[in-house]
Amino acid sequence: MSPISKRFGWYDWWPLDGWNDRWYLLRCRQLMKISLVLTCTLLPQAGTKAHGTFAPSSDRETFRSAALILARGGSKGIKKKNLSVVNGKTLIKRAVENILESDVFDSVWVSTDDMEIAMEAQKATARLHWRHPSTATDSAASILGVQDFFARHPDLEVIGLIQCTSPFLTSQFLIEALRLIKEAHCDSVFSVTRSHQLRWNLDQRGYLHAANFDATKRPRRQDWNGEFVENGMFYVFRTSLLAENVLQGGRARLVEIPKNRSLEIDTEFDLVVAKVMAPILDSESQQMIP
């Protein structure tokens, strides 16, 4: 790890070793001066609300938290999917901006194995974690990427795993998720969409059977509350769950996402739909259409 990385912690890991030592010393002196000035001028005064925390309250917890976006470069359905542009911004930038706007995490990180994605994350002012190759394969589960990140940041108590390919995330959703963690003392909170679809299963003989309703009393949409289906937009959880190899569990709650905001970009068609919807949903007056 380079001296700059060690001294300032701007990167979790970054392949900068081998640069000229004299350059290091010069930059370190300059950055130390800048850091001192910023600390003196930007440090919150007593009684003010610091960035990334809620105002003090007797029924709220305080903890060290980070938002994490896993963004590998080897996506197959859409090449460099995380860099796709929707309404003038890459998916990475859209996600980072909403996280920062929520102001509920102490830091925002992008974990990647791709230099181009890393540069875009840096432009969006996110911090960088250089992802271990074994966690960035087609078959690697997301929890491996989270555990890889947590291994380098074991002091974190809460992580928010944010999916940048859910382009219609809003800061309000994240604020609600962290409120539940803090005030309801939840162990995990994740995003869902309500579904009223009637499902059928095939038995071993190939015959259909109703899965989530009584076929003799077929319900009307207005007669039942439907089911909650994960939409992958975000998972906020206490890091103690990682020891159990899960992101959800314990005292779990949900944040219900309106159906029109639950699009997840997996295919070229999804991307086309997102580009059509974004100008409407990105306008403030349309943010929370049910």
Side-chain angles (χ1 to χ4, degrees), residues 49-70 95 98-109 111 129 135 140-166 168-197 199 211-212 224-259 261-262 264 287-288 290:
K49 176 179 174 293
H51 176 79
T53 61
F54 288 94
S57 173
S58 59
D59 59 350
R60 287 175 173 164
E61 292 183 73
T62 58
F63 43 70
R64 293 179 293 276
S65 64
L68 175 65
I69 298 171
L70 299 179
N98 276 296
I99 296 167
L100 292 173
E101 184 182 335
S102 73
D103 198 27
V104 292
F105 293 100
D106 296 323
S107 57
V108 182
W109 295 79
S111 174
H129 169 79
T135 74
S142 294
I143 193 169
L144 295 179
V146 177
Q147 289 171 329
D148 173 56
F149 172 76
F150 181 59
R152 293 184 176 270
H153 303 276
D155 59 322
L156 290 172
E157 297 167 277
V158 170
I159 292 176
L161 177 61
I162 315 298
Q163 180 175 259
C164 69
T165 52
S166 294
F168 301 124
L169 168 75
T170 72
S171 58
Q172 291 96 323
F173 300 152
L174 297 177
I175 290 170
E176 175 62 10
L178 268 293
R179 185 191 69 79
L180 290 171
I181 293 283
K182 285 177 176 280
E183 296 183 5
H185 308 295
C186 292
D187 297 308
S188 56
V189 178
F190 54 95
S191 58
V192 302
T193 302
R194 193 183 297 265
S195 171
H196 289 85
Q197 293 179 319
R199 295 183 290 104
N212 64 340
W224 70 312
N225 291 326
E227 297 177 316
F228 292 123
V229 180
E230 289 183 38
N231 66 6
M233 184 178 282
F234 59 82
Y235 301 84
V236 182
F237 53 90
R238 297 184 188 274
T239 54
S240 56
L241 290 175
L242 293 174
E244 304 172 35
N245 288 316
V246 295
L247 304 179
Q248 301 149 288
R251 296 163 294 188
R253 293 261 185 113
L254 58 83
V255 176
E256 184 176 351
I257 309 300
K259 195 167 186 177
R261 288 193 166 271
S262 293
E264 179 181 0
Q287 266 200 354
M288 300 300 290

If you look at every heavy atom in [X] and [Y], which pair is closest and at what distance?
{"X": "Ser262", "Y": "Asn231", "answer": "OG-ND2, 3.2 Å"}
{"X": "Ile162", "Y": "Ala67", "answer": "CG1-CB, 4.4 Å"}
{"X": "Met233", "Y": "Arg261", "answer": "CE-O, 3.2 Å"}
{"X": "Leu247", "Y": "Leu241", "answer": "O-CD1, 3.9 Å"}
{"X": "Ser142", "Y": "Leu161", "answer": "CB-CD2, 4.4 Å"}
{"X": "Gln147", "Y": "Leu242", "answer": "NE2-O, 3.3 Å"}

Tell me, do [X] and [Y] make a side-chain contact under 4.5 Å, heavy atoms counted?
{"X": "Asp148", "Y": "His129", "result": "yes"}
{"X": "Ile257", "Y": "Phe234", "result": "yes"}
{"X": "Val146", "Y": "Tyr235", "result": "no"}
{"X": "Lys182", "Y": "Phe63", "result": "yes"}
{"X": "Leu178", "Y": "Phe105", "result": "yes"}

- Query: Does a side chain donor of either Asn212 or Gln197 reach within less than 3.5 Å of an acceptor in the other side chain?
  - Reply: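 There is no such pair (donor and acceptor under 3.5 Å, judged by atom type) between the side chains of Asn212 and Gln197.
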- State whether a side-chain donor-acceptor pair under 3.5 Å links Ser111 with Trp109.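 Ser111 vs Trp109: no donor-acceptor pair found between side chains.
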Check whether any side-chain N or O of [X] sits under 3.5 Å from a backbone N or O of [Y] as a donor-acceptor pair, and report yes or no.
{"X": "Asn98", "Y": "Leu169", "answer": "yes"}
{"X": "Arg194", "Y": "Glu256", "answer": "no"}
{"X": "Ser102", "Y": "Ile175", "answer": "no"}
{"X": "Ser65", "Y": "Asp106", "answer": "yes"}
{"X": "Thr239", "Y": "Leu156", "answer": "yes"}

Which value, rounded to the nearest 0.5 Å, describes the distance between [X] atom [atom1] and [Y] atom [atom2]?
{"X": "Arg238", "Y": "Ile159", "atom1": "CZ", "atom2": "CD1", "answer": "13.0 Å"}
{"X": "Glu230", "Y": "Glu264", "atom1": "CD", "atom2": "CD", "answer": "10.5 Å"}
{"X": "Leu174", "Y": "Asp103", "atom1": "CG", "atom2": "CG", "answer": "11.5 Å"}
{"X": "Phe150", "Y": "Leu68", "atom1": "CZ", "atom2": "CG", "answer": "12.0 Å"}
{"X": "Ile99", "Y": "Ser107", "atom1": "CD1", "atom2": "OG", "answer": "10.0 Å"}
{"X": "Phe228", "Y": "Phe190", "atom1": "CZ", "atom2": "CZ", "answer": "10.0 Å"}

- Task: Give the ring-plane orientation class for His196 versus Trp224, where under 30° counts as parallel, over 60° as perpendicular and anything between as tilted.
- Result: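 Because their plane-to-plane angle is over 60°, the rings of His196 and Trp224 count as perpendicular.
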- Message: With a sphere of 6.0 Å drawn around CZ of Arg253, does it hold more than 12 non-hydrogen atoms of other residues, nucleotides or ligands?
- Response: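 Incorrect, the count does not exceed 12.
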